[in-house]
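Let me begin by presenting the structure, written as structure tokens, before commenting on it.
Convention: sequence-line order gives letters A, B, ...; per-chain numbering from 1. What you see is a predicted model; the values in this text were computed from it and never measured. Note that these values count all heavy atoms, side chains included, but never hydrogens, waters or copies made by symmetry.
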Amino acid sequence: MDLKSLLNREQYEAATTIDGPLLILAGAGSGKTRVLTYRVAHMIEDLGIYPSEILAITFTNKAAGEMKDRIRGLVGNEVEGMWISTFHSSCVRILRREIDKLGYNKNFAIYDSYDQKVLVKQCMEELDINDKDITDREIINKISGQKDILVSPEQFKKENEGNFRTNRIADVYLLYQKKLKDNNALDFDDLIYKTVQLFKDYPEVLGFYQRKFKYIMVDEYQDTNRSQYEFIRLLAQGYKNICVVGDDDQCIYAWRGADVKNILDFEKDYPNAKVIKLEQNYRSKGNILRAANDVISNNTYRKKKVLRTENENGDKIKLYRAYSDMDEGRYVAFKIKDILARDKGKQYKDFAVLYRTNAQSRIFEDAFMKANIPYRIIGGLKFYDRKEIKDIMAYLKFINNPLDDISLKRIINVPKRSIGDSTVQKIQNFASSMEESLYNVILDVDEVSSLSKRSVNSIKKFVSIINSFIKSRDKVPVSSLIKEILDITGYLEGLKDSEEADNVSRVENLKELVSAASEFEAVSEDTSLSAFLEKVTLVSDIDNFDEDADSVVLMTVHSAKGLEFPIVFMVGMENGIFPGMQSLDNPKEMEESRRLCYVGITRAKEQLYMTSAETRRVFGRMVSYEQSNFIDEISRELKEYDTVGKSRINNFPNNVLNNNDFLWKKRSNSRNLSEPSGVSAEKDISSDRYLKPDGIREGIKVRHSKFGVGTIVSVSRNGSDIKLTIVFDKMGIKNLMYGIVPLEAV
DNA sequence: AACGGTGCTATTTTT
DNA sequence: TAGCACCGTT
């Protein structure tokens with residue numbers, strides 16, 4: 001492989017240094033993925049290293065998948081023998097083989113944050129801890145934090161003997177951990193923690209993996225926490241062929257336990273480590289890169305480096321100070337339309353809107369809907385977090401691992417089968433006194449004398465359907481199992497009969513779950529139920545981000561790490577939002593916020609916009625924040641205010657600021673944007689164009705000014721109110737009240 | 001057991 | 001504003 005011609009000098013050096021510890025400090029956009037993939041290809045092709053001897057750790061499944069694809073492109077199917085996965089997936093893989101040594105069963109469940117919360121609450125109740133003294137949230141954070149730094153419950157309790165409050169938390173930690181074990185479950189943090197414990201307690205297991213993985217690579221090393229660090233350190237002790245890649249300036253997960261020290265102290269951990277800096281940026285235009293350098297240079301705790309580029313300067317960074325959050329949304333929508341109109345080479349997918357908090361997405365959703373701009377939101381409410389999906393997943397989890405009391409409690413009365421809280425409580429008490437799982441108790445429910453006849457009967461019915469599912473578990477594919485559950489429990493029927501406004505979309509979501517399972521069956525080697533559950537619990541939203549779909553993408557700056565876009569809008573650039581309120585008086589947080597800003601800026605290839613608003617609604621209150629200090633940190637000559645519409649805007653006194661439709665209309669008229677909607681005052685609902693109440697029928701097609709064309713799927717009349725559920729071709733399912741926004745019949 | 005009302009709280013979240 | 005958790009009523 002002629003790496004010399006494919007890589008620059010530093011890159012080449014990095015890709016061909018295979019033996020011994022290596023630290024690659026890779027600035028944003030410096031081609032680190034390229035280096036990593038060529039490095040692996042070189043190892044396999046030129047040096048004859050077996051793929052099975054290589055472990056590559058990434059932070060997201062998506063990054064792992066991409067790296068795998070790219071390596072496959074270079075070396076072919078040999079890539080299949082390699083382990084390329086996230087910390088969590090690698091640990092699960094190891095634990096599935098070895099966890100019985102720690103007293104767990106190999107089909108252990110993985111608890112997500114929802115399960116975790118339920119279990120912690122249960123512990124708090126048993127320990128009689130009032131929610132008002134210590135919140136569940138605080139406890140969860142504390143426990144997670146201790147696991148991150150590998151502190152056991154016992155150790156934590158001992159360390160905090162003097163502190164009553166912390167001692168209480170330690171009691172929860174102890175009980176929580178015991179319950180996890182009783183339920184044969186691990187939480188996310190446990191996946192790493194338990195693997196490290198396994199390595200420490202069973203040297204022969206560690207030895208096996210040390211010998212197996214002669215070569216180890218870790219990407220995004222700056223965002224590793226202590227337990228992840230330890231996991232890698234133990235494995236690498238064998239051969240010391242460890243290559244870590246990262247950028248201390250992009251450490252943005254310190255609040256979650258990531259420790260920049262891991263990367264900064266690498267040379268101390270491995271004194272003979274070679275260090276290579278990749279400072280040549282291939283991604284961004286000069287002005288953008290200089291702005292990024294300007295901002296990050298204000299941080300004190302970092303390795304000094306300056307990114308350089310041979311790219312042309314490009315345009316200056318465009319600033320826009322909107323009057324209001326709504327105006328900010330319209331500005332971005334307008335700009336996207338404007339750029340698309342001028343530059344035929346651009347598509348919707350070339351634009352990204354990056355914000356610091358998910359709550360900010362709404363404004364842009366509204367603006368994009370009005371302007372007919374297709375968009376996708378990454379993050380926020382995830383598919384697998386929806387109630388109906390969680391319900392069915394709880395069935396699956398329980399079927400897979402009947403010791404899982406948390407899932408059992410979730411489904412025992414869903415759909416309603418007259419097994420209420422007090423009944424469950426009685427079963428729980430009985431189970432606790434017998435030190436038994438709930439499932440074992442309900443299998444022999446006659447033993448529980450405190451229950452009424454009626455309850456006993458309901459429970460018996462429930463047990464028999466659950467048992468039938470358990471029987472099907474290993475016989476039928478997951479998708480069929482899901483269908484069985486939906487059918488036999490009456491879950492789907494209950495949903496279809498319900499009057500709830502969003503039941504239609506729930507049914508749709510469940511259909512999608514079935515499709516997801518079918519797809520899983522088609523592409524996976526291991527199609528067992530536990531493989532499906534594992535896959536689902538360990539995916540994130542960003543993993544499903546499809547770069548080819550032609551729509552503007554909206555996401556948090558955190559989610560955008562590792563991605564790049566020709567045109568980036570960083571929005572909400574205000575002191576109080578970005579940096580956030582709580583960062584303003586905390587130097588450490590301020591530095592992290594600044595790194596986040598750096599990550600945002602360096603996502604942009606060609607053009608960067610930074611916007612802020614004079615007033616905005618936050619938690620229902622109107623607030624006004626000044627423009628972000630981070631913008632001030634960018635040299636004057638690199639930025640300029642976008643003057644579009646400014647003169648007009650300045651002519652408006654403050655009291656018309658809320659009249660958004662008015663502003664929108666003015667702007668769109670002068671800029672040839674699509675017809676704005678929601679200007680209800682101008683639309684006469686009785687006009688012949690629009691649908692009349694007596695014309696409303698299920699199945700007919702209508703046009704909505706914001707949502708486009710759709711089909712009415714249900715109509716419910718309540719007095720003079722008419723509720724409509726409409727499936728829109730582009731925008732999905734919406735519930736609307738007739739008469740608010742006129743509908744045209746089509 | 002099930003439903004509806006009130007009041008409280010509020011980042012970021014690779015897994 | 002919105003989502004939820006808890007409480008009291010039917």
Side-chain angles (χ1 to χ4, degrees), chain A residues 57-64 85-92 110-114 116-118 121 131-132 135-137 140-141 144 147-148 186-193 219-220 222-225 227-228 250-258 325 354-360 362-363 378-382 384-385 387 413-425 452 454-455 458 500 534-543 545 555-563 572 576-583 589 592-593 595-597 599-600 616-622:
Chain A
I57 300 282
T58 59
F59 259 72
T60 62
N61 294 300
K62 180 171 187 280
S85 59
T86 62
F87 276 105
H88 295 262
S89 302
S90 307
C91 288
V92 170
I110 301 170
Y111 275 5
D112 60 18
S113 37
Y114 165 85
Q116 182 178 38
K117 189 171 176 183
V118 176
K121 285 201 153 182
D131 196 52
K132 286 178 182 91
T135 61
D136 48 1
R137 218 188 139 108
I140 289 168
N141 287 337
S144 173
K147 288 185 182 178
D148 280 352
L186 303 186
D187 65 20
F188 283 138
D189 302 312
D190 277 342
L191 296 177
I192 320 280
Y193 182 100
D219 194 10
E220 308 282 11
Q222 77 282 350
D223 281 322
T224 50
N225 64 29
S227 60
Q228 292 165 337
Q250 293 187 63
C251 173
I252 54 175
Y253 285 100
W255 53 273
R256 249 189 117 259
D325 43 3
L354 307 183
Y355 35 75
R356 208 186 65 92
T357 67
N358 282 124
Q360 289 166 261
R362 281 195 66 115
I363 300 291
I378 309 292
L381 183 61
K382 293 180 202 99
Y384 286 100
D385 282 344
K387 184 186 170 300
N413 200 30
V414 176
K416 299 256 150 45
R417 41 175 84 89
S418 302
I419 308 175
D421 291 344
S422 61
T423 306
V424 174
Q425 197 52 53
S452 69
R454 240 188 74 186
S455 306
S458 310
E500 291 273 325
E534 189 174 304
K535 169 119 196 175
V536 166
T537 351
L538 297 182
V539 298
S540 76
D541 230 36
I542 195 78
D543 294 332
F545 173 57
M555 63 176 115
T556 61
V557 184
H558 280 94
S559 305
K561 195 177 79 169
L563 304 175
I577 305 260
F578 197 166
M581 222 26 141
Q582 39 283 96
S583 309
E589 293 229 8
E592 171 136 332
S593 221
R595 290 194 293 268
L596 188 64
C597 182
V599 168
R616 77 169 61 236
R617 220 174 245 292
V618 176
F619 300 142
R621 302 209 156 276
M622 261 329 195

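Residues passing the side-chain hydrogen bond (donor to acceptor under 3.5 Å, both in side chains) test with A/Arg417 are A/Tyr395, sequence neighbours excluded. With sequence neighbours left out, A/Gln228 forms a side-chain hydrogen bond (donor to acceptor under 3.5 Å, both in side chains) with no residue at all. Judged as a salt bridge (Lys or Arg N to Asp or Glu O under 4.0 Å), and not counting sequence neighbours, the contacts of A/Arg616 are A/Glu328, A/Glu574. Looking at residues two or more places apart in sequence or on another chain, you find a salt bridge (Lys or Arg N to Asp or Glu O under 4.0 Å) between A/Asp136 and A/Lys121.
In summary, of the residues considered (A/Val557, A/Leu563, A/Val599), a side-chain contact (heavy atoms from CB on, under 4.5 Å) with A/Leu354 occurs for A/Val557 alone. No option in A/Val536, A/Asp187, A/Thr537, A/Leu538 other than A/Thr537 meets the side-chain contact (heavy atoms from CB on, under 4.5 Å) test with A/Asp112.
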Please encode protein proximity along nucleotides 2-10 of chain C as a string of B, S and -, counting only heavy-atom distances under 4.0 Å. S--SS----
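Note on A/Asp223: a base of the nucleic acid sits closer than 4.0 angstrom, heavy atoms only. The residue A/Thr537 sits apart from the nucleic acid: no heavy atom pair falls under 4.0 Å. Note on A/Ser593: nothing from the nucleic acid sits closer than 4.0 angstrom, heavy atoms only.
Between A/Phe59 and A/Thr224, some side-chain heavy-atom pair lies under the 4.5 Å cut-off.
Between the C1' atom of C/dT1 and the CZ atom of A/Arg617 lies a distance of 8 Å, rounded to the nearest Å. For A/Asp325 and C/dT1, the CG to P distance is 13 Å, given to the nearest whole Å. In this structure, CG of A/Leu191 is placed 15 Å from P of B/dT14, rounded to the nearest angstrom. The interatomic distance linking A/Asp421 (CG) with B/dA2 (C1') rounds to 10 Å, in whole Å.
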Expected rows: protein N/O vs nucleotides 4-13 of chain B N/O, under 3.5 Å:
{"from": "B/dT11", "atom 1": "O2", "to": "A/Arg356", "atom 2": "NH1", "distance (Å)": "2.1"}
{"from": "B/dT11", "atom 1": "O2", "to": "A/Arg356", "atom 2": "NH2", "distance (Å)": "2.1"}
{"from": "B/dT12", "atom 1": "OP1", "to": "A/Asn358", "atom 2": "N", "distance (Å)": "3.1"}
{"from": "B/dT13", "atom 1": "OP1", "to": "A/Thr556", "atom 2": "OG1", "distance (Å)": "2.5"}
{"from": "B/dT13", "atom 1": "OP2", "to": "A/Asn358", "atom 2": "OD1", "distance (Å)": "3.1"}
{"from": "B/dT13", "atom 1": "O2", "to": "A/Arg256", "atom 2": "NE", "distance (Å)": "2.9"}

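The phosphate of B/dA1 has OP1 or OP2 within less than 4.0 Å of a side-chain N or O from A/Thr423.
Contact detail for A/Asp148 and A/Asn225: the closest heavy-atom pair is OD1-ND2, 3.2 Å.
Relative to the six-membered ring of A/Tyr253, A/Lys561 misses at least one condition, a distance below 6.0 Å or an angle of at most 45° to the axis.
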